[in-house]
Amino acid sequence: MGGNFTIDMNSIRNNDGDYNEGLIEHLSNKDFFNVSEFPLATLVIKDVKYREDGLIETKADLTIKGISKPIKYVAEFDAKQNTYSAKFIIDRTDWDIVYGTKATLDVKDYAISDAIEFDVLLKF
């Protein structure tokens, strides 16, 4: 089994606290996702293994800013709700998103986390 998803990078939202238009604008510019040049990101599922505990091990290629990297994550299918859900974390520096990273700042306390968390919920 496999599949693919296309993510409209213009759909970035701040759901962590108050809506902050300045944050969305910053995430969209060249410092982060460069949405004007790379308006779409993709996830292409390459391999799926069903585990005995009911979870699904998934291998995929994630493309952000034109850079494709393999990722792995565990997903759950809920037959009653007819949903597929997963959470996974990537190191944003692997996709050349380096603004404010620990490697580029002298003051480590002010560095922005290199981790980006994705929360995926698909409804069928």
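Below, each value reflects all heavy atoms present in this structure, side chains not excepted, and no hydrogens, waters or symmetry copies. The model shown is predicted, which means the values in this text are computed figures rather than measured ones.
- The distance from the CD atom of Glu117 to the CD1 atom of Ile90 is 11.0 Å, given to the nearest 0.5 Å.
- To the nearest 0.5 angstrom, Ile89 atom CD1 is 10.5 Å from Asp119 atom CG.
- Ile116 has its side chain out of reach of Ile64: every pair of non-hydrogen atoms, C-beta onward, lies at least 4.5 Å apart.
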Handout entry: Trace of the side-chain contact (heavy atoms from CB on, under 4.5 Å) decision for Thr58 with Tyr84
Key = CA-CA 12 Å; Thr58 307; Tyr84 170 94; 3.4 Å; yes

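- Clustering ILVMFWY residues whenever any of their side-chain heavy atoms sit less than 4.5 angstrom apart, transitively, puts Ile12 in a cluster other than the one holding Phe38.
- Residue Arg92 comes nearest to Val98 through the heavy atom pair NH1-C, 3.8 Å, listed as atom of the first residue, atom of the second, then distance.
- Under the 4.5 Å side-chain heavy-atom criterion for ILVMFWY residues, no single connected hydrophobic cluster contains both Tyr73 and Val44.
- Contact check for Asn10 versus Ser28: no side-chain heavy atoms found under the 4.5 Å cut-off.
- Separation of atoms NZ (Lys65) and CD (Glu37) is listed at 8.5 Å; rounding is to 0.5 Å.
- A chain of hydrophobic side-chain contacts below 4.5 Å, direct or via other Ile, Leu, Val, Met, Phe, Trp or Tyr residues, connects Leu27 to Ile67.
- With rounding to the nearest 0.5 Å, the separation of CG in Asn29 from CD1 in Ile24 is 11.5 Å.
- Residues Phe5 and Val35 share a single hydrophobic cluster, defined by chaining ILVMFWY side chains whose heavy atoms lie under 4.5 Å apart.
- Distance check: Asp8 CG to Leu40 CG gives 6.5 Å after rounding to the nearest 0.5 Å.
- By the criterion of side-chain heavy atoms lying less than 4.5 angstrom apart, applied directly or through intervening Ile, Leu, Val, Met, Phe, Trp or Tyr residues, Leu43 is not grouped with Val74; the two fall into different hydrophobic clusters.
- Expressed to the nearest 0.5 Å, how far CD1 of Ile56 lies from NZ of Lys49 amounts to 14.0 Å.
- Under the 4.5 Å side-chain criterion, counting only non-hydrogen atoms from C-beta, Lys72 is not in contact with Glu57.
- Using bins of under 30°, 30° to 60° and over 60° for the plane-to-plane angle, the ring pair Phe88/Phe118 lands in the parallel bin.
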Exercise for the section: Just do the side-chain contact (heavy atoms from CB on, under 4.5 Å) check on Glu76 and Leu55 with the steps written out, would you? Expected result: CA-CA 5 Å; Glu76 182 176 1; Leu55 297 176; 3.9 Å; yes

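- Residue Ser85 forms a side chain to side chain contact (heavy atoms under 4.5 Å, CB included) with just one option from Leu122, Asp78, Val120, Leu121, and that option is Leu121.
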